Amino acid sequence: MLPTELSLQLLFCLRFAGFGAVLGVFYDLLRALRTHFRLKRWGTGLLDVVFCLTGTAGFLLLMLQGTDGRLRSYLPLGLALGFLFYRKTVSRAVLHILLWLLKLMGRVVEGLLETL
């Protein structure tokens, strides 16, 4: 049941903002994969479809859990604000770390393959 108290509605909005930030991290992970493996048009399109399906499914499930399926205008607003806040603050650093980890994992795999 959707709470009617303003404080609980604010809590739901913040929950969706957190989900928006998580979607930002997921977007950067897919972006790092696309950059590291130098994916062309089809690979990029496939990762975009994965992001859209995952984001939509997550949004709908979170909305169903908290609001009994009733869309409130502040929920997409909270999602967008969380995503944009993440993208404008720490996204570049997270992407850099993810690219570094992918490069490191590639070196480890190459080392393991050389020993076999």
Side-chain angles (χ1 to χ4, degrees):
M1 188 71 183
L2 182 66
T4 56
E5 296 175 26
L6 184 61
S7 61
L8 292 176
Q9 290 180 6
L10 180 61
L11 182 64
F12 276 118
C13 187
L14 290 175
R15 180 186 282 176
F16 274 81
F19 181 63
V22 168
L23 279 179
V25 173
F26 183 59
Y27 178 80
D28 278 344
L29 176 64
L30 295 177
R31 193 167 131 195
L33 289 172
R34 184 181 70 218
T35 303
H36 180 74
F37 293 111
R38 294 183 177 92
L39 297 179
K40 302 293 183 204
R41 187 176 187 177
W42 287 99
T44 299
L46 179 66
L47 292 180
D48 286 346
V49 167
V50 167
F51 176 77
C52 289
L53 290 176
T54 305
T56 301
F59 176 80
L60 292 175
L61 288 173
L62 193 59
M63 186 181 68
L64 280 173
Q65 177 195 20
T67 65
D68 293 332
R70 290 178 276 173
L71 182 61
R72 302 294 182 200
S73 61
Y74 57 87
L75 299 180
L77 179 65
L79 180 78
L81 288 175
F83 184 81
L84 290 174
F85 180 75
Y86 167 79
R87 292 278 297 149
K88 296 296 182 185
T89 56
V90 295
S91 175
R92 187 172 291 173
V94 170
L95 181 63
H96 181 70
I97 291 168
L98 289 171
L99 287 170
W100 178 78
L101 286 172
L102 282 171
K103 188 183 290 187
L104 181 66
M105 287 181 358
R107 289 180 185 162
V108 168
V109 168
E110 286 177 1
L112 289 174
L113 291 176
E114 287 177 3
T115 59
L116 297 176

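Source: prediction; values computed, not measured. For this chain, numbers begin at 1 and follow the sequence in order. Below, each value reflects all heavy atoms present in this structure, side chains not excepted, and no hydrogens, waters or symmetry copies.
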- Message: Can you tell me how far apart CG (L98) and NE2 (H36) are? Round to the nearest 0.5 Å.
- Response: 11.5 Å
- Whether T115 side chain and L112 backbone form a donor-acceptor pair below 3.5 Å: yes
- Query: At what distance, to the nearest 0.5 angstrom, does CG of D28 lie from CG of L23?
  - Reply: 11.5 Å
- Message: Please say yes or no: joined through hydrophobic side-chain contacts below 4.5 Å, possibly via intermediate residues, are L60 and F26 part of one cluster?
- Response: yes
- Message: Classify the ring geometry of F51 against F83: parallel below 30°, tilted from 30° to 60°, perpendicular beyond 60°.
- Response: tilted
- May I ask whether F12 and L61 are part of the same hydrophobic cluster, defined by side-chain heavy atoms of I, L, V, M, F, W, Y residues being less than 4.5 angstrom apart, directly or through others? no
- Item | Straight-line distance of L79 CG to F59 CZ, nearest 0.5 Å | 6.0 Å
- Message: Let me confirm one number: the CG-CZ distance from L47 to F37, rounded to the nearest 0.5 Å.
- Response: 10.5 Å
- Spacing of OG1 belonging to T67 relative to CD belonging to Q9, to within rounding of 0.5 Å: 11.0 Å
- Can you check whether R87 reaches Y27 side chain to side chain, under 4.5 Å on heavy atoms? yes
- Message: Would you compute the distance between atom CG of L8 and atom CZ of R15 and round it to the nearest 0.5 angstrom?
- Response: 10.0 Å
- Message: Any non-hydrogen side-chain atom of L102 less than 4.5 Å from a side-chain atom of M105?
- Response: yes
- Message: Taking Y86 as the starting point, is it possible to reach L95 by hopping between hydrophobic residues whose side chains are less than 4.5 Å apart?
- Response: no
- Remaining members of L113's ILVMFWY cluster at a side-chain heavy-atom cut-off under 4.5 Å? V109
- Query: Does a side-chain heavy-atom distance below 4.5 Å link P76 with L71?
  - Reply: yes
- Item | Minimum side-chain heavy-atom gap L75-F19 below 4.5 Å | no
- Query: Residues sharing V49's hydrophobic cluster, by side-chain heavy-atom contacts under 4.5 Å among ILVMFWY, directly or via others?
  - Reply: L53
- Message: Hydrophobic cluster membership, with links at side-chain heavy-atom distances under 4.5 Å among I/L/V/M/F/W/Y: are Y74 and F16 in one?
- Response: yes
- Item | Common cluster, L29/V90, ILVMFWY with side-chain heavy-atom separation under 4.5 Å | yes
